[in-house]
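Atom set for the values below is all heavy atoms of this structure, side chains included, hydrogens, waters and symmetry mates excluded.
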Amino acid sequence: LVRIGLGAEKLDVEIGDYVRLPVVLRLLRGFKNPGGFDYERFWAVQGVRVGGFVKSPALVTSWPGSGGRLSAWRSKALDFIRQESPTPAVGILAAQLAGRRAAVDSQSEDVFRSLGLSHILSVSGLHMSVCYGFAFWLLRLFLGRLARLSSRFGYLKINVLAAALALVPALFYAGLAGSASPVLRAALTIFFIVLASIIIRRSDPWNILAAAAWLILLFEPYRLFTASFQLSFVATAAMLAVFVRQPGLAAIEEKSPAGFWSRPVNLELLVEIKDRIKNGRPSEEQGSQTELEKPARSHGGRQSFFRKTLLAALAGSLGTAPLVAWHFTWLPLAGIPANLILTPILTVFVLMPGLLALFLLPISPALAAWPMKFAGTVMSGLLPIMEKAAELAGPGLPLPAPGPLFLIGFYLAGWVWLRGTAPWRRRIPLAVIILTAAALPGLVNGQGQKNLLRVTVRDVGRGSALQGNLPDGGQM
């Protein structure tokens, strides 16, 4: 693979297109700043070791190629987004819905990065979950309306059939969006959950997450060292540590929604299901619906939904904070509050209507235009607010890359705090002791070097800047 740079300009090409350009290829080399961003490793783990730079986009000539049916569908979706969305939101919606990150302008990219919302600009597990959940809900609603299927198979079989059929649009959307690590993780997770429901087995979240990681690394081991793989799986593991505390057990929270996927299946119920499949649905005289056949009802309502959404955003932000500092040597100060406030808003009012529009596009483009316009209008209205928030938050906090000892201690302390079986009064002090022991070497090292001359080499984009901290406190 080859990386071609165009400066601040972005080339409007699709997968499969032909490109002609004058360029001199060179081996990619990064700055050797200790604790700094490793540019060479970042591209090497993605299979890119050479690159070049084109002075002007006017020197680039491109013409359409044959990228396959997925490329044709992607082009159709992008044209629809450009046609029906307001201008300020076109690039953002193209990145959110179709995986076209290059369509985002540099100003919007900086705003999302400053707020710690860069994951919104790429198709991730959040997008896959919304896509599959929406398809499952529509299919279950449609199949439930069919009296013949409902009377013959019952509520259980309709759920299983809807879950299996919803895989088709979800996997198609995964192929449309690309093969990024978050997309693969979400697709494999959904597949394993559906497989467990088909064979009437209770799905364990920790085993599913481990199986998804194992399959991805089996075919592409280099992904283990990529930021997207690590951030995606660590964020998911942090959420599981909050909501599913014990490995090997499904949700143990008594107040969690008693949905279809989290209900245990006992031996007596399996025998009853087998008899129902063999003999058909019994009459009313034989009894009412079993507990598994009854529609799931959530406990807690909307308040519980938003509380759990905010808790999940907080867990994901805190869980990935050390890795963000390790990979990028900076931490967005507004990352946690922005994720708590803006992620649910963007999900409900931008992502969901946008995905609904893509679902309706093959059926009725005129009908699909309404939710797409709504998503674009909301995004256009939020952009000025986000720009102001990014301006107040600043560029972020530059941090040295944490060492392996601190990373191990941080996640071990979090695991003991959230997963431990001891009382809270014993877990919290133990977690504090582990975190302090992990951070102490770095703090002691910094205190012992106060009277020394410190020279810091900073990467400023096109070169290096030297910053000197003198023993008397002066800087140069």
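Among residues two or more places apart in sequence or in another chain, the side-chain contact (heavy atoms from CB on, under 4.5 Å) test is passed with Leu383 by Pro88, Ile92, Ser108, Phe112, Met379.
To the nearest 0.5 Å, atoms CG (Leu121) and CD (Glu109) are separated by 6.0 Å. In this structure, the separation between CG on Leu346 and CG on Leu351 is 9.0 Å, given to the nearest 0.5 Å. A distance of 11.5 Å separates CZ of Phe53 from CZ of Arg26, quoted to the nearest 0.5 Å. In this structure, the separation between CZ on Phe243 and CG on Leu311 is 4.0 Å, given to the nearest 0.5 Å. Here CE of Met386 is found 8.5 Å from CD1 of Ile120. Values are rounded to the nearest 0.5 Å. To the nearest 0.5 Å, atoms CG (Asp204) and CG (Leu240) are separated by 9.0 Å.
Between Leu356 and Phe374 there is no side-chain heavy-atom pair separated by less than 4.5 Å. For the pair Leu184 and Arg223, the minimum side-chain heavy-atom distance is below 4.5 Å. Between Met372 and Leu93, the closest side-chain pair of non-hydrogen atoms falls below 4.5 Å. Between Leu117 and Asn339 there is a side-chain heavy-atom pair separated by less than 4.5 Å. Considering only heavy atoms from C-beta on, Tyr132 comes within 4.5 Å of Leu167 through its side chain. Annotation: side chain of Phe410 is in contact with side chain of Leu435 (closest heavy-atom distance under 4.5 Å). In this structure the side chain of Leu355 never reaches within 4.5 angstrom of the side chain of Phe134, judged on heavy atoms. When side chains are defined from C-beta on, Leu218 counts as touching Trp214, because their heavy atoms get closer than 4.5 Å.
When all heavy atoms of Pro402 and Pro322 are compared, the closest pair comes out as CG-O, 3.6 Å. Heavy atoms only, all atoms of each residue included: Ser380 and Pro86 are closest at OG-CB, 3.4 Å. Considering every non-hydrogen atom in both Ala241 and Trp415, the closest pair reads CB-CZ3, 4.3 Å. Considering every non-hydrogen atom in both Gly52 and Val23, the closest pair reads CA-CG2, 3.5 Å. Smallest separation of non-hydrogen atoms from Gly91 and Val104: O-CG2, 3.5 Å. Nearest heavy-atom pair across Ser114 and Ala390 is CB-CB, 4.0 Å.
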Exercise. Test Leu25 against Ile4 for side-chain contact (heavy atoms from CB on, under 4.5 Å), laying out the working first.
Key: CA-CA 9 Å; Leu25 298 180; Ile4 304 297; 4.2 Å; yes
Practice problem: Would you check, one step at a time, whether the test side-chain contact (heavy atoms from CB on, under 4.5 Å) holds for Leu323 with Tyr411? | Solution: CA-CA 11 Å; Leu323 283 178; Tyr411 290 112; 3.5 Å; yes
Practice problem: Dump the intermediate steps for side-chain contact (heavy atoms from CB on, under 4.5 Å) on His127 and Val183, then the final yes or no. | Solution: CA-CA 8 Å; His127 300 68; Val183 177; over 6 Å; no
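Using a 4.0 Å cut-off between a side-chain N of Lys or Arg and a carboxylate O of Asp or Glu, Lys76 and Asp79 do not qualify as a salt bridge.
The local environment of CZ in Phe349 is sparse, with at most 12 non-hydrogen atoms from other residues, nucleotides or ligands closer than 6.0 Å. Crowding of Phe142 atom CZ: a count of heavy atoms from other residues, nucleotides or ligands under 6.0 Å not exceeding 12. Heavy-atom neighbours of Phe359 CZ from other residues, nucleotides or ligands within 6.0 Å: above the threshold of 12.
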